[in-house]
Amino acid sequence: MVRRWQQRVVVAAAATALAAGCKSASAPAQPPPAVTVARPTSESVADYLDFTGNTVAINSVTVVARVEGYLEKIHFTDGARVKKGQLLFTIQEEQYKAQLAQAKAQVLAQKAALWHASTEFARYSDLVKQDAATQTTVDRWQYEKEAAAANLLAAEAQVEIAKLNLSYTEVRAPFDGRAGRHLVDTGALVGSMGQQTSLVEVDQIEPLYVYFTIDERDLLRIVQRRPAPPAEPVEEGTIPFFFGLLDEDGHPHEGRLDFASVSVAPTTGTLQVRGTYPNQDSRVLPGLFVRVRVHALQKRDALLVPGDAISFDQQGEYVLVVDDKNVVERRAVKTGQQVGDALVVNDGLRADDRVIVEGILQAIPGREVSPHAADAVAPKAPAADSPAG
């Protein structure tokens with residue numbers, strides 16, 4: 001009984017194995033996975049460099065009291081826009097009006113002294129010719145005349161000084177800008193003991209400066225690529241730059257570079273560069289952190305591939321290409337800047353390579369695939385309000 005049962009088990013197992021073998025032999029092979037390929041597009045692009053910088057007021061002045069006195073009145077609202085020459089503060093004027101009147105009176109006195117000395121000098125000059133006066137007397141009146149003339153000049157200068165001191169009692173805005181908060185209250189004594197009392201800070205933010213630094217490596221790249229001498233020096237203000245704030249996409253604000261430091265700072269290895277931004281709506285304030293982008297002046301031909309075709313692993317950036325035998329190959333590349341939805345490939349690709357743009361997950365290096373050509377891949381242009389992308 002046991003032996004018959006064992007024989008049946010062996011026969012059943014053999015039959016099952018035979019059936020499975022026949023089934024596997026008759027099953028068709030799986031076709032290679034389908035992928036979409038596209039050739040890199042060639043375009044003329046301008047390289048760019050990205051930096052970090054900050055905004056600075058083009059003019060920033062702390063207005064101080066230039067004469068001593070009590071602050072009588074404040075003529076502006078804290079944070080308001082001010083025009084050049086606009087009255088900001090008034091310091092008590094009575095003392096300086098009196099000093100001006102005193103100086104004018106001194107001028108009249110010196111004019112009288114000069115007239116008297118001139119008259120006496122003329123009189124004794126005639127008398128000495130008649131031997132009716134001594135030469136010593138004539139010399140003394142000549143001295144008196146010249147001294148009176150000098151004193152008159154000094155008195156007139158005191159009048160000008162008194163006028164200046166009186167004008168300093170009216171503190172005015174040095175330029176168009178925005179005033180900060182007043183630093184001294186009405187009734188306080190300012191300018192005492194010859195000290196300059198700060199009254200308010202005024203910033204001019206139309207236009208606005210943007211400062212950033214270029215490190216030594218990027219600076220050498222720029223020097224190697226630009227013509228010598230440069231066709232458009234920075235000082236001419238014709239080289240554009242773009243920047244964006246922390247809460248903005250891209251670099252929507254455009255300005256012009258107008259200054260570059262004459263030497264690299266040896267402690268940091270950087271070169272300071274400055275640009276000017278019109279800031280006509282005054283939306284950008286001083287002291288903000290900005291992302292700066294500067295484009296190269298000359299364009300170059302470059303190969304572009306869709307950004308989705310670029311992959312990353314521990315060895316770096318790469319793309320998957322299909323050779324003439326439809327076998328997938330991993331190709332290491334070096335990418336550059338982004339142009340719309342595409343990336344510039346600086347090294348690793350040829351114009352006739354077939355790059356896998358869809359179906360990357362099904363493509364395995366060394367395996368065969370079924371490639372299908374995609375429509376012409378053209379990078380989308382940056383938005384109109386973001387010229388730098």
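What you see is a predicted model, and the numbers here were worked out from it, not measured in a lab.
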May I ask you to say whether [X] pairs ionically with [Y], meaning some side-chain N is under 4.0 Å from a carboxylate O?
| X | Y | value |
| --- | --- | --- |
| E94 | K97 | no |
| R39 | D352 | no |
| R178 | E206 | no |

Steps toward side chain to side chain contact (heavy atoms under 4.5 Å, CB included) verdict (D50, V292): CA-CA 6 Å; D50 289 332; V292 181; over 6 Å; no
Worked verdict on L303 versus V344 for side chain to side chain contact (heavy atoms under 4.5 Å, CB included): CA-CA 6 Å; L303 297 179; V344 173; over 6 Å; no
Ring center gap for F241 and Y277 short of 6.0 angstrom: no
Pair F243 + H251: ring centers closer than 6.0 Å: no
Partner of L199 under side-chain contact (heavy atoms from CB on, under 4.5 Å), chosen from L183, V184, I74: V184
Check: E317/S311 side-chain N/O donor and acceptor closer than 3.5 Å: no
Pairing residues for E156 by the salt bridge (charged side-chain N to carboxylate O under 4.0 Å, His left out) criterion, not counting sequence neighbours: none
Sequence-distant partners of R367, salt bridge (charged side-chain N to carboxylate O under 4.0 Å, His left out), two or more places apart: none
Pairing residues for Y96 by the ring pair (Phe, Tyr, Trp, His ring centres under 6.0 Å) criterion, not counting sequence neighbours: none
Derivation of the side chain to side chain contact (heavy atoms under 4.5 Å, CB included) call for H116 and E120: CA-CA 6 Å; H116 176 67; E120 292 299 318; 3.7 Å; yes
Within 45° cone of Y48 ring axis and under 6.0 Å: R293 NZ or CZ: yes
From OH (Y209) to CG (D258), nearest 0.5 Å: 5.5 Å
